[in-house]
Amino acid sequence: MQSCCRVEGVCSSVLKARQDSAVGRHVRRGRIVMMSMFARSVHAFVKEPVFRRFPCYSTKFADGFSGNVDGATPGGGGCHASEENYVDETFLESVWIRDFALVKEQRVGFTPGLNVITGESGAGKSVLVQAFGQVLGGSTMDNCIRSPSEMAVIEANFRLSKGMSVAATQKLLDLGFPSRALKDNRENMEGLLIRREITQTPNGLRSRCFVNGAATSLRVLRDIGGFLVDVNGQNSSQLLRESSMQLTLLDRIAGTVDRASSFEKKLLKMKALEQQMDDILALGDEEERDRLQELCDRMATMKLMEGEEVDLRKSIRKMESRRNLVGQCGLVGTSLGGDGTGGGIASAIQDVTSQVRSIAAKEEQNHGDGESEDELKGDTMMEGALDALAIAADKIYDAQDLVMTYAETFQFDEFEYDEMGERLRKIEVILRDFDCSTSEEILKLAKEAEEKLERWYQMEDKQGDWAEELACVKEDVTQDGCELSKMRRAAAGKLRTAVEFCLEQLAMGSSRFDVRISWDKAYPEKSGLVIPDDLAWEVGERGQCSYRPGRKGFDNVEFLLAAGPQEPLRPLGAVASGGESSRLMLALKSAPVAMAEEDEKQPEGGVSDSGSKDGFVEIEGRDGEQVLLSLHSSERGLFDSNDRIESVTSRGAPVMVLDELDSGVGGRLGQTVGKMLKALSTSNATTTGQVVCVSHLPQVAAFAGHHIKVQKSERSDGRLVTEFVILTEPTDRAEEVADMLGVGHMAAVKLLCDAQGWPVEKIESGMDKLGDSISMHSTG
């Protein structure tokens with residue numbers, strides 16, 4: 001503890017001597033966690049670009065943190081800036097991982113701006129992105145738990161701006177998140193802590209999810225994750241070929257994400273009202289109502305039970321079988337005891353008994369004056385035979401009694417048999433009349449008929465109100481769909497120019513890009529919405545035609561690409577190679593920045609002449625955000641008190657994750673890609689204030705404001721672990737860039753200094769000067 005205090009005093013002296021340096025320590029809830037090596041103890045110059053962008057950004061906040069946190073309390077997230085150092089930005093502050101893949105336990109800090117993750121192939125760069133995907137609700141990965149542990153835990157801590165705090169709170173409430181789990185003062189919810197626990201069970205992997213400590217579902221994690229983070233995996237450029245992805249990208253660029261979601265809600269409401277009206281119209285047929293009423297009446301009279309016809313058939317079959325058995329019992333009884341006039345086994349035994357007695361009597365007559373041994377033996381035999389016959393006679397009579405008792409007990413009841421048969425016949429008739437095969441079917445049908453009739457009687461008086469409400473909702477859907485299409489079409493023109501400009505920077509200058517927006521006509525016409533002439537004209541479609549609305553509007557969006565100036569424009573999926581798809585994805589991500597730069601060239605006054613000719617003007621919204629505003633929207637009152645939330649969320653997620661999106665670009669364009677990504681993370685033209693990028697390109701790494709190196713190491717027990725190291729020193733970053741380049745140290749130094757705007761002497765002398773300063777204060 002004394003050592004920590006001495007180092008803290010030294011570092012404080014250094015900070016006073018050098019205002020532009022940052023001490024390599026991380027303050028977290030009053031604790032000072034010192035980095036293990038002297039080279040990690042002093043942060044010299046690497047964060048200056050971040051400070052220039054965020055002058056009020058605390059050095060404690062900017063340093064980031066990466067290291068093993070054995071014994072640390074999970075859930076702390078990253079540093080929490082004090083009130084005086086608060087930055088109104090939304091960004092991923094830290095990710096805490098335990099027992100996931102090859103990671104034992106580690107917390108990785110991030111900062112606003114461009115964060116780059118580098119490392120050798122196979123080191124586990126994508127592990128961090130995969131862990132991030134899991135905490136955002138991705139599908140559980142097989143074998144993701146580090147043995148011998150049975151549970152992996154991942155936490156992501158987000159810092160929210162004031163506007164995003166309101167939007168995130170509303171989003172969670174809309175998803176059904178309990179309001180008691182949120183702060184009473186919603187506008188002060190500074191952070192969002194998302195946690196996922198993945199447990200190995202005998203039945204497979206199971207997950208538990210939490211948001212700010214409250215248990216929730218995986219669906220909520222996915223929705224809030226998509227709200228905060230735009231994740232682009234290694235196959236995202238291939239997904240760009242899908243129409244749904246193209247529409248999503250256009251909405252983000254046009255700032256119409258929230259409007260598209262609002263349209264979807266209104267469309268669902270319209271369809272629900274249409275279904276109610278269809279039900280009313282269906283029951284409006286008196287003949288149909290009479291049929292349903294007949295079913296209800298007959299079922300009420302019959303009092304049919306579920307499965308009754310099956311039980312009746314079984315009972316009837318049993319009675320018919322018993323009737324045959326009782327008949328056989330009569331024959332058996334006659335065979336045993338006779339029919340009263342003789343016959344039967346009992347009568348035969350009596351005859352046999354008489355004959356045996358006769359034999360025994362004659363045997364006695366043959367005895368002389370003295371009985372010999374043979375004579376006594378003969379008498380014994382006859383007596384035994386008579387005893388056996390007597391027993392047999394008794395058994396026969398017992399058997400006869402039992403058989404006759406069975407016949408009397410299960411005597412066939414003709415009346416009951418006929419009654420059951422009649423009941424079964426009635427059930428079969430009603431099943432046949434209403435086209436049902438089982439009692440369960442007709443009971444369900446009768447319940448539905450009863451509900452329909454009840455609903456009809458209840459809705460009969462509301463039919464006019466519902467018809468009026470449906471007409472209003474249809475009008476809203478029509479107007480909102482046209483307004484949404486106008487905004488998309490206006491943005492599509494600017495997007496075309498911006499993407500072509502970006503493609504030129506990415507060595508595709510001869511390519512042409514366009515966005516095709518079309519509407520589908522509805523067949524039959526009543527299945528769609530008829531668009532009035534004035535609204536259809538504004539978007540360039542034919543009026544008084546019925547168009548089929550989709551979930552996100554009337555628009556079908558298709559990106560077109562021509563590989564050369566003389567090549568025809570064709571759908572992206574038919575012409576773009578893997579490398580071209582990667583470059584096009586980068587161009588689309590960077591397009592808002594290019595669009596903003598073009599807008600800055602327009603005359604001052606807040607209104608762009610080029611925008612107004614299409615029915616739109618660009619105005620500076622809250623926090624300096626550029627917003628496309630329809631000239632007609634103010635008349636319809638489309639901008640209300642929810643503007644603040646819409647301006648925060650309508651242009652997409654504030655955090656962008658790119659997993660080797662530049663892999664198909666190549667090193668020749670690395671400098672351009674680095675500039676694009678840095679501009680994307682620092683421009684006010686988009687809501688994206690943070691880019692986390694896994695990259696193999698040293699040029700991209702050189703432009704990063706926050707550099708994370710991934711490496712594998714072997715523990716003392718022989719097991720491999722993946723570690724994430726924050727490169728805070730310029731010399732360390734130069735060394736890593738040199739390794740990525742595969743060239744000498746000076747080439748990496750030049751590349752890094754050019755990207756960051758540093759003098760070369762800064763890397764060469766920075767550490768020496770700070771080292772001398774600290775040595776002097778330590779001696780004192």
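Between Leu249 and Lys589, the closest side-chain pair of non-hydrogen atoms falls below 4.5 Å. The closest side-chain heavy-atom distance from Val692 to Val229 is not below 4.5 Å. The side-chain heavy atoms of Phe158 and Thr90, taken from C-beta on, include no pair separated by under 4.5 Å. Within the 4.5 Å cutoff, side-chain heavy atoms of Glu469 are placed close to those of Leu273. Residues Phe703 and Leu114 form a side-chain contact, since some pair of their non-hydrogen atoms from C-beta on lies under 4.5 Å apart. Under the 4.5 Å side-chain criterion, counting only non-hydrogen atoms from C-beta, Cys545 is not in contact with Ile531. The shortest distance between side-chain heavy atoms of Val477 and Leu529 falls below 4.5 Å.
Closest of all the heavy-atom pairs between Leu136 and Gly225 is CD2-CA, 3.7 Å. Taking every heavy atom of both residues into account, Leu484 and Ala260 meet most closely at CD2-CA, 4.0 Å. Here the closest non-hydrogen pair linking Phe132 and Val657 is CE2-CG2, 3.4 Å. Considering every non-hydrogen atom in both Val700 and Val116, the closest pair reads O-CG2, 3.8 Å. Of all heavy-atom pairs spanning Leu470 and Met270, the tightest one is CD1-O, 3.7 Å. Of all non-hydrogen atoms in Gly137 and Arg222, the two that sit nearest each other are O-NE, 2.8 Å.
Under the rule for a side chain to side chain contact (heavy atoms under 4.5 Å, CB included), the partners of Pro524 that lie at least two apart in sequence or sit in another chain are Lys526, Ser527. Residues satisfying the side chain to side chain contact (heavy atoms under 4.5 Å, CB included) criterion with Gln246, sequence neighbours excluded, are Val557, Glu558, Phe559, Leu572.
The backbone N or O of Ser244 sits less than 3.5 Å from a side-chain atom of Thr248, completing a donor-acceptor pair. At distances below 3.5 Å, at least one donor-acceptor pair connects side-chain atoms of Gln690 with backbone N or O atoms of Leu92. Counting only distance, with no hydrogens or angles, the side chain of Arg548 and the backbone of Asp520 share no donor-acceptor pair below 3.5 Å. Remark: side-chain polar atoms of Ser262 are not paired, donor with acceptor, to backbone N or O of Asp258 under 3.5 angstrom. Judged by distance alone, with hydrogens and angles left aside, the side-chain atoms of Arg196 form a donor-acceptor pair with the main-chain N or O of Gln134 at under 3.5 Å. Arg219 contributes a side-chain N or O that, together with a main-chain N or O of Leu175, makes up a donor-acceptor pair within less than 3.5 Å. Checked by atom type and distance alone, the side chain of Asn115 pairs as donor or acceptor with a backbone atom of Gly113 at under 3.5 Å. Remark: side-chain polar atoms of Thr256 are not paired, donor with acceptor, to backbone N or O of Arg252 under 3.5 angstrom. Under a 3.5 Å cut-off, the side chain of Ser161 and the backbone N or O of Met164 do form a donor-acceptor pair. Ser590 places a side-chain N or O within 3.5 Å of a backbone atom of Leu586 that can act as its donor or acceptor partner.
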Evaluate the criterion salt bridge (Lys or Arg N to Asp or Glu O under 4.0 Å) for residue pair Arg542 and Asp533; output intermediate values, then yes/no. CA-CA 7 Å; Arg542 183 178 177 184; Asp533 286 332; over 6 Å; no
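Electrostatic pairing of Arg159 and Glu89 does not count as a salt bridge here, judged by no charged N lying under 4.0 Å from a carboxylate O. In this structure, Lys474 pairs ionically with Glu274, as a charged nitrogen and a carboxylate oxygen lie closer than 4.0 Å. Using a 4.0 Å cut-off between a side-chain N of Lys or Arg and a carboxylate O of Asp or Glu, Asp480 and Arg259 do not qualify as a salt bridge. Remark: Glu483 does not engage Arg488 in a salt bridge, criterion side-chain N to carboxylate O under 4.0 Å.
With no hydrogens or angles considered, no side-chain donor-acceptor pair links Asn556 and Trp519 at under 3.5 Å.
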